[in-house]
Amino acid sequence: QKVETLVSASVFSDFLEMAEYLLDNGCKDPAASLIGAVLEDGLRRICSNNNITVKSDDNIGSLSQKLAQKHVYNPLQQKQIQVWNNIRNNADHGTSEQYNMDDVKDMLDSVRKFLTNYLK
């Protein structure tokens with residue numbers, strides 16, 4: 001389990017660095033989508049680490065709800081995750097006018113901190 005966590009942390013870091021590169025080059029939509037994918041996978045791993053059953057069709061919202069219900073984190077953190085989920089969904093569905101570059105930069109920094117804190 002410990003080795004798997006270290007490997008996944010390294011992979012997450014690589015993908016988040018890719019997202020940062022995209023942001024640095026003005027590509028907020030693919031960056032937001034990539035950060036969202038890392039977040040979703042991270043939430044799955046956090047659920048697994050806390051013995052929470054997940055389904056293949058669980059998404060960021062349902063995973064976050066399961067974690068909050070089990071008191072892995074508080075409702076405020078759950079609301080923040082919903083904001084990140086909204087940014088990702090807007091990126092994935094082509095409604096990029098709903099968020100800006102600074103929103104994605106904040107998402108990147110916050111998701112990094114979140115995964116560092118909860119993926120142990």
> Restricting to salt bridge (Lys or Arg N to Asp or Glu O under 4.0 Å), what partner residues turn up for Asp106, sequence neighbours left out?
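Counting only residues at least two positions away or on another chain, Asp106 forms no salt bridge (Lys or Arg N to Asp or Glu O under 4.0 Å).
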> If you compare all heavy atoms of Ile46 against all heavy atoms of Asn50, which two are closest, and at what distance to 0.1 Å?
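Distance-wise, the nearest heavy atoms are O-ND2, 2.8 Å.
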> Say you draw a straight line from CG of Asn90 to OH of Tyr99; how long is it, rounded to the nearest 0.5 Å?
7.0 Å
> Heavy atoms only: give me the nearest Val54-Cys47 pair and the separation to one decimal.
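Looking at all heavy atoms of both residues, the closest pair is CG1-CB, 3.6 Å.
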> Quick check for you: to the nearest 0.5 Å, what is the distance between Asn89 atom CG and Asn85 atom CG?
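Separation between the atoms: 4.5 Å.
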> Below 4.0 angstrom, N of the basic side chain to O of the carboxylate: do Asp109 and Lys105 qualify?
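Salt bridge absent between Asp109 and Lys105.
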> Out of curiosity, Ile81 CD1 to Met107 CE, how far, rounded to the nearest 0.5 Å?
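Those atoms lie 10.5 Å apart.
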> Does Asn100 reach the main-chain N or O of Asp102 with its side chain, forming a donor-acceptor pair under 3.5 Å?
yes
> Passes side chain to side chain contact (heavy atoms under 4.5 Å, CB included), Tyr118 versus Gln77? Steps please.
CA-CA 11 Å; Tyr118 288 95; Gln77 182 63 67; 4.3 Å; yes
> Is there side-chain contact between Arg112 and Glu17, with heavy atoms separated by less than 4.5 Å?
yes
> Rounded to the nearest 0.5 Å, what's the gap from CE on Met101 to CG on Asp24? Could you check?
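With rounding to 0.5 Å, CE (Met101) is 9.0 Å from CG (Asp24).
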> Less than 4.5 Å apart, any side-chain heavy atom of Trp84 and any of Ile35?
no
> In the structure I gave you, are the side-chain heavy atoms of Leu39 and Arg88 within less than 4.5 Å of one another anywhere?
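A side-chain contact is absent here, since even the closest heavy-atom pair is not under 4.5 Å.
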> Flag the pair Ser64 / Tyr73 as yes when at least one side-chain heavy-atom distance between them is below 4.5 Å, and no otherwise.
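Answer yes - side chains close enough.
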> Is any side-chain heavy atom of Ile52 less than 4.5 Å from a side-chain heavy atom of Val72?
yes
> From Lys66 NZ over to Leu43 CG, what is the distance, rounded to the nearest 0.5 angstrom?
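CG of Leu43 is found 11.5 Å from NZ of Lys66.
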> With rounding to the nearest 0.5 angstrom, report the OG to CG distance, Ser110 to Leu115.
11.0 Å
> Identify the heavy atoms of Gln78 and Ala68 that sit nearest to each other, and give their distance.
OE1-CB, 3.3 Å
> Mind listing the closest non-hydrogen atom pair of Leu119 and Gly42 along with its distance?
CD2-O, 4.2 Å
> Should Val111 and Val83 be regarded as members of a common hydrophobic cluster, given that ILVMFWY residues are connected when their side-chain heavy atoms come within less than 4.5 Å of each other, either directly or indirectly?
yes
> Salt bridge (Lys or Arg N to Asp or Glu O under 4.0 Å) with Lys28: which residues, sequence neighbours excluded?
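If we apply the salt bridge (Lys or Arg N to Asp or Glu O under 4.0 Å) test to Lys28, skipping adjacent residues, there are no hits.
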> Check Leu23 against Ala31 and note the closest heavy-atom contact, atom names and distance.
CG-CB, 3.7 Å
> Closest approach of Leu63 and Glu40, non-hydrogen atoms and distance?
CD1-O, 3.8 Å
> Ignoring hydrogens and angles, tell me if any N or O in the side chain of Asp41 forms a donor-acceptor pair with the backbone of Val38 under 3.5 Å.
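No, the answer is negative, given that no donor and acceptor are paired below the 3.5 Å cut-off.
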